[in-house]
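Chain letters run A, B, ... following the sequence lines, proteins first, then strands; residues in each count from 1. None of these values were measured; they are calculated from a predicted model.
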Amino acid sequence: MAIGKGHHLHLIDGSGFIFRAFHALPPLTRKSDGLPVGAVSGFCNMLFKMLEGNTGHDAPTHLAVIFDHSSKTFRNDIYPQYKAQRPPMPEDLRPQMPLTREATRAFGLCCIEQEGWEADDLIATFACQARDAGARVTIISSDKDLMQLVGDGVEMMDGMKNVTIGPDEVHAKFGVAPNRVIDVQSLAGDSVDNVPGAPGIGIKTAALLINEYGDVETLLERASEIKQPKRRQTLIDNAEQVRISKRLVTLEKNVPVEVSIDAMEVQPLDPEVVLPFLADMEFRTMTTRVAAKLGAAAPTIAEPPPDTSTGAEPDMPAIDHSKYEIVRDAAALQTWIDRVYQRGYVAVDTETTGLDEMRADLVGVCLSVEAGEACYIPLSHVNGTGDLLGGAERCEGQMDFAQALEMLTPMLEDAAILKIMQNAKYDMKIFARLDVTVAPFDDTMLISYAQNAGLHGHGMDALAERYLDHKTIPIKTLIGTGKKQITFDLVKIEDAAPYAAEDADITLRLWTALKPNLVTSRTTNVYETMERPLVPVLAQMERHGVKVDRDHLSRMSNTFAQKMAGLEDEIHTLAGRKFNVGSPKQLGEILFDEMSLEGGKKGKTGAYGTGADILETLAAQGNDLPARVLDWRQLSKLKSTYTDALQEHIHPETGRVHTSYSIAGANTGRLASTDPNLQNIPVRTEEGRRIREAFIAEEGNVLVSLDYSQIELRILAHIAEIESLKQAFRDGHDIHAMTASEMFGVPLDEMTSDVRRQAKAINFGVIYGISAFGLANNLRIPREDAKAFIDRYFERFPGIRKYMDDIVAFAKEHKRVDTLFGRRIHTPEIGAAGPRAGFANRAAINAPIQGTAADIIRRAMIRVPAAMEAAKLPGRMLLQVHDELLFEVPKEAADDLIGTVRQVMENAHMPAVALDVPLIVEGGTGANWAEAH
DNA sequence: AGAGTCACG
DNA sequence: GACGTACGTGACTCTG
């Protein structure tokens, strides 16, 4: 049938997609022979989603995948250097190119390439043909070279992110409409494709010129009218080069194509063709999914032989939910416990009524002793009667809760039985509330984190997909979402069991797969000394919580509310009308449209930026409205995030606030605090600091805060071996004043606070991977001045520059950096092209410093409980804030505690690492956190 | 759900 | 030579 109105043609940029998929997706290999297939897998997934119409867009009626042909094109005749400095194709990608073509055919789709033409030219040709025939066209690519085709029934879609690229997105990228993209590209050039353009002119300038002159030809003709002398000369000198560039970037829309677009009509998938292909690739999940969709039987995929080289990966059977057992009586449970004792280890997982370990109740327990062998022990399932007034009654077919616990406890506490959990802290806290102390244990989340931080997340779903090629049952299918969400105890036991037991099964499989790699990746020590032992320490801290004075918060809330109301009136008067002060969008319109203040649009969404820095600039120019909004925002933040939200977190029974620390959240080794985040309680402003007054000690107790002084700078001095910095720390000098003195030649006794402040900003900047732009922003000085500062700094401390170069080189070679204690932080983005390179370099510079500091405080925290016990100290460790520990202790023991814990903290690096600088810990005591800090 | 904003080290 | 930029987090609000 001829293509025409009502039809929708998808043109997939096959080469482009496969390149991006290769870099964006994990390096999957075929199990049986190690053939790299990650990009092919991503490609097939995308095709299938697209054919299903499962991309948020409607499904195509016609579809073709276009590839680059490896031969030269007419562009090389025009300009021999075109695409000449492309790096060679990665080894692991090469074999995937032909496989991708094969995949296309297996899906029954048109696979097109043509000698002498780039994929882009073919796409342009087909797109125009289809558009002229009245069909809609979607180009699946994010290649900027194709953006010139957008508009008039042609749109683009990013196949990885499923986002549409229309005229607006093109305008955001190039600053001009799609039909002028070519003109901008010819001026700006492209370093990746080696399109020369005009030297010194980038996209921004190019867009400016095109918007003024219309197109490249007109611009070149009228170049002499340009005011800026440099720009004018560049264009006159390089006119021919720009014209060549234009021919390079202009896509050919009249390629003598050998295939008709009518032939691209989508045919129903043929199970006889597509399934064998997927099975041959050993895409287990996708084979099953496609087979299910087609109503055909999935071909079996042979399991690969066990990997005998490491002895690590035994032959695991496929995950089969029907094989899991539901344990309903004591005899059945005893059988399982016996099996655990035969094994010596068991994967354990708990099901509860919620995610908050302090409030959730145990609903059931799962055990697994062998891949595929798992059971679910339901304990507190109830019948949902639909009666909201507590009409729930206990389900039949469950063991008595107390009896089950009594049978399980000896095993869970047995020193001879290893308990394997995913995110052990959660389950251990649930058990701890039932007076069960689970030990010893392993945690698959932390095993993954120790070896793979920076590479991917460490949640069970992510790990299962990556290492077991298995998609877990989403909990939502059982408990629903939103308002209709139910708690797990209301799920029918028969429905709950497969989900629950699967978690234990997967945990055990992950442990089998991941644990041996600790040894090969040299991270056993990190896991055993800095991850696993932290779990019980944090569990205790979280369970203990910190006392918070609700009335204090409540009073502050009221005060804030009144002040905000006053400010709101003022702001509305200044604006001349009412609007929502909390809406950045409305505020931007008031400031920049209605009041016409100076300030620009921001990138992607086209909204005005109204960040604090922008408002401060406006306020400094004497504008009252932005000044008031800044005040309002500060109060709004304090009220909503702290004085209001914190009250919600006070536990009804303990009267205290129980945060939760994620151990594997931050890539650098830092902890992260959630629900609530107690690591970002205000301190920098007077008004904010008063919130800390609400964190108090029990009667007769005080809060004690101990924090490392300048720990990251000390680590920098050590790692980069900066002798003068090290000496300054040994002598106990003011490090920022010392830096200032060295840099600006000001004697220490003549130091002004302003000079010191600048030196301090530079010191911090160095830790973050300094840039002139960043420092200029921070100090609000011209970029040239910032650059001069940095140059002088590197002159005075040449070791810093060397450290930065060395660490980036190390990261490029190993795709990771290490802390002094051997923690590995992977930097997969390092060496990436474009602006991401800058990010990756700075992250690589910062990670060993931030990570080493994180390691040190982890080591301290792990040692604190034993040290306190040895010193017979009462009191508790409550919170960690990256370089600070907060304790609650009886008044009379405060001084002893400071002495003991300071010892631990100042020597936490020993004996593993000897530092060339001393670590100094400062302590404070008070009735509340504001006083103690 | 994502962007914008802002709190901390 | 231009690009877009300080490092690491989490929570709240508005918006489509």
Side-chain angles (χ1 to χ4, degrees), chain A residues 163 188-192 196-206 234 580-588 602-615 629-630 633-634 636-642 644-646 648-649 659-662 665-685 688-689 691-692 707-708 710-712 761-762 764-779 783 786 790 825 833-851 853-854 857 880-884:
Chain A
V163 287
D190 182 345
S191 57
V192 181
I201 292 184
I203 287 187
K204 289 237 168 90
T205 315
T234 304
N580 184 351
V581 184
S583 161
K585 185 163 171 275
Q586 294 179 31
L587 176 65
K602 249 196 176 173
K604 303 164 208 161
T605 55
Y608 290 114
T610 66
D613 46 346
I614 294 172
L615 296 191
V629 172
L630 281 168
R633 279 204 185 149
Q634 196 199 0
S636 160
K637 178 80 174 180
L638 294 177
K639 181 169 186 296
S640 67
T641 309
Y642 301 104
D644 288 350
L646 221 39
E648 307 288 309
H649 282 283
T659 184
S660 179
Y661 290 99
S662 53
N667 290 337
T668 52
R670 273 195 179 180
L671 301 179
S673 162
T674 65
D675 307 303
N677 182 350
L678 295 185
Q679 289 181 322
N680 71 347
I681 303 300
V683 69
R684 291 175 188 171
T685 65
R689 199 153 44 234
I691 290 171
R692 295 200 171 208
D707 71 289
Y708 285 106
Q710 314 278 16
I711 186 164
E712 293 194 348
I762 297 172
F764 275 108
V766 167
I767 291 172
Y768 298 151
I770 199 157
S771 75
F773 184 94
L775 184 66
N777 251 352
N778 191 293
L779 285 177
R783 202 189 304 189
I790 293 169
I825 299 148
R836 287 189 316 188
F839 281 110
N841 286 354
R842 291 193 296 271
I845 290 167
N846 173 260
I849 302 170
Q850 189 181 116
I857 197 164
Q880 188 250 44
V881 194
H882 309 306
D883 65 357
E884 172 189 5

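Partners of A/A612 according to the side-chain contact (heavy atoms from CB on, under 4.5 Å) rule, which considers only residues two or more places apart in sequence or in another chain, are A/E616, A/L630. Partners of A/R689 under the salt bridge (Lys or Arg N to Asp or Glu O under 4.0 Å) rule, at least two apart in sequence or in another chain, are A/E686. Applying the side-chain contact (heavy atoms from CB on, under 4.5 Å) test to A/L671 and every residue at least two apart in sequence or in another chain returns A/L534, A/L538, A/Y661, A/I663, A/Q679, A/R858, A/M861, A/Q880. By the salt bridge (Lys or Arg N to Asp or Glu O under 4.0 Å) test, A/K637 is found to be paired with no residue, residues two or more places apart in sequence or in another chain being considered. Legend: residues meeting side-chain contact (heavy atoms from CB on, under 4.5 Å) with A/S636, ordered by chain and number and at least two apart, are A/M564, A/W632. Remark: A/N680 engages A/Y642, A/N677 in a side-chain contact (heavy atoms from CB on, under 4.5 Å) (not counting sequence neighbours).
Checked against C/dT15, B/dG9, B/dT5, the side chain of A/P584 finds its nearest nucleotide in B/dT5.
Spacing between atom CG of A/N580 and atom P of B/dT5 amounts to 14 Å, rounded to whole angstrom units. Rounded to whole Å, atom P of B/dC8 lies 15 Å from atom CG of A/D707. If you take CG of A/D613 and C1' of B/dA7, they are 15 Å apart, rounded to a whole angstrom. Atom NZ in A/K585 sits roughly 17 Å away from atom C1' in B/dT5 (whole-Å rounding).
A distance of about 25 Å separates the C1' atoms of C/dG4 and B/dA7, rounded to the whole Å. Atom C1' of B/dC6 sits at a distance of 31 Å from the matching atom of C/dA2, rounded to the whole Å.
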A/V629 vs A/R633, side chain to side chain contact (heavy atoms under 4.5 Å, CB included): CA-CA, chis, key distance, verdict
CA-CA 6 Å; A/V629 172; A/R633 279 204 185 149; 4.1 Å; yes

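A/R783 has no side-chain polar atom (N or O) that falls below the 4.0 Å cut-off from OP1 or OP2 of C/dT5. At C/dG4, one or more side-chain N or O atoms of A/K204 fall inside 4.0 Å of OP1 or OP2 (strictly under the cut-off).
Counting any heavy atom pair closer than 4.0 Å across all strands shown, A/A853 reaches no nucleic acid atom. Residue A/I681 is classed as a sugar-phosphate contact, given heavy-atom separations below 4.0 Å to backbone atoms only. Among the protein residues, A/S636 comes within range of no part of the nucleic acid, since none of its heavy atoms lies under 4.0 Å from any strand. Residue A/Q586 is in sugar-phosphate contact alone, with no base atom involved, counting any heavy-atom pair closer than 4.0 Å across all strands shown. Across all strands, A/R684 comes closer than 4.0 Å to base atoms (heavy-atom distances). Residue contacts shown for A/P199 are absent, as no nucleic acid heavy atom lies under 4.0 Å away.
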Can you give me the dot-bracket string for DNA chain B, 5' to 3', counting Watson-Crick and G-U wobble pairs with both distances under 3.5 Å, using [ ] for crossing pairs and | for partners on another strand?
|||||||||

Scan nucleotides 6-12 of chain C nucleotide by nucleotide, 5' to 3', and note B when protein non-hydrogen atoms come under 4.0 Å of the base, S if they reach only the sugar-phosphate, - if neither.
BBBSBBS

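Looking only at distances, no side-chain donor or acceptor of A/R670 sits under 3.5 Å from a matching main-chain atom of A/H882.
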Could you list the donor-acceptor pairs under 3.5 angstrom formed between side-chain atoms of residues 838-848 of chain A and any protein atom two or more places apart in sequence or on another chain?
residue: A/N846; atom: OD1; partner: A/Q850; partner atom: NE2; Å: 3.2
residue: A/N846; atom: ND2; partner: A/I767; partner atom: O; Å: 3.0

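The side-chain heavy atoms of A/L678 and A/L646, taken from C-beta on, include a pair separated by under 4.5 Å.
For A/R836 and C/dT5, a side-chain-to-base donor-acceptor distance below 3.5 Å is absent, hydrogens and geometry of angles not being considered.
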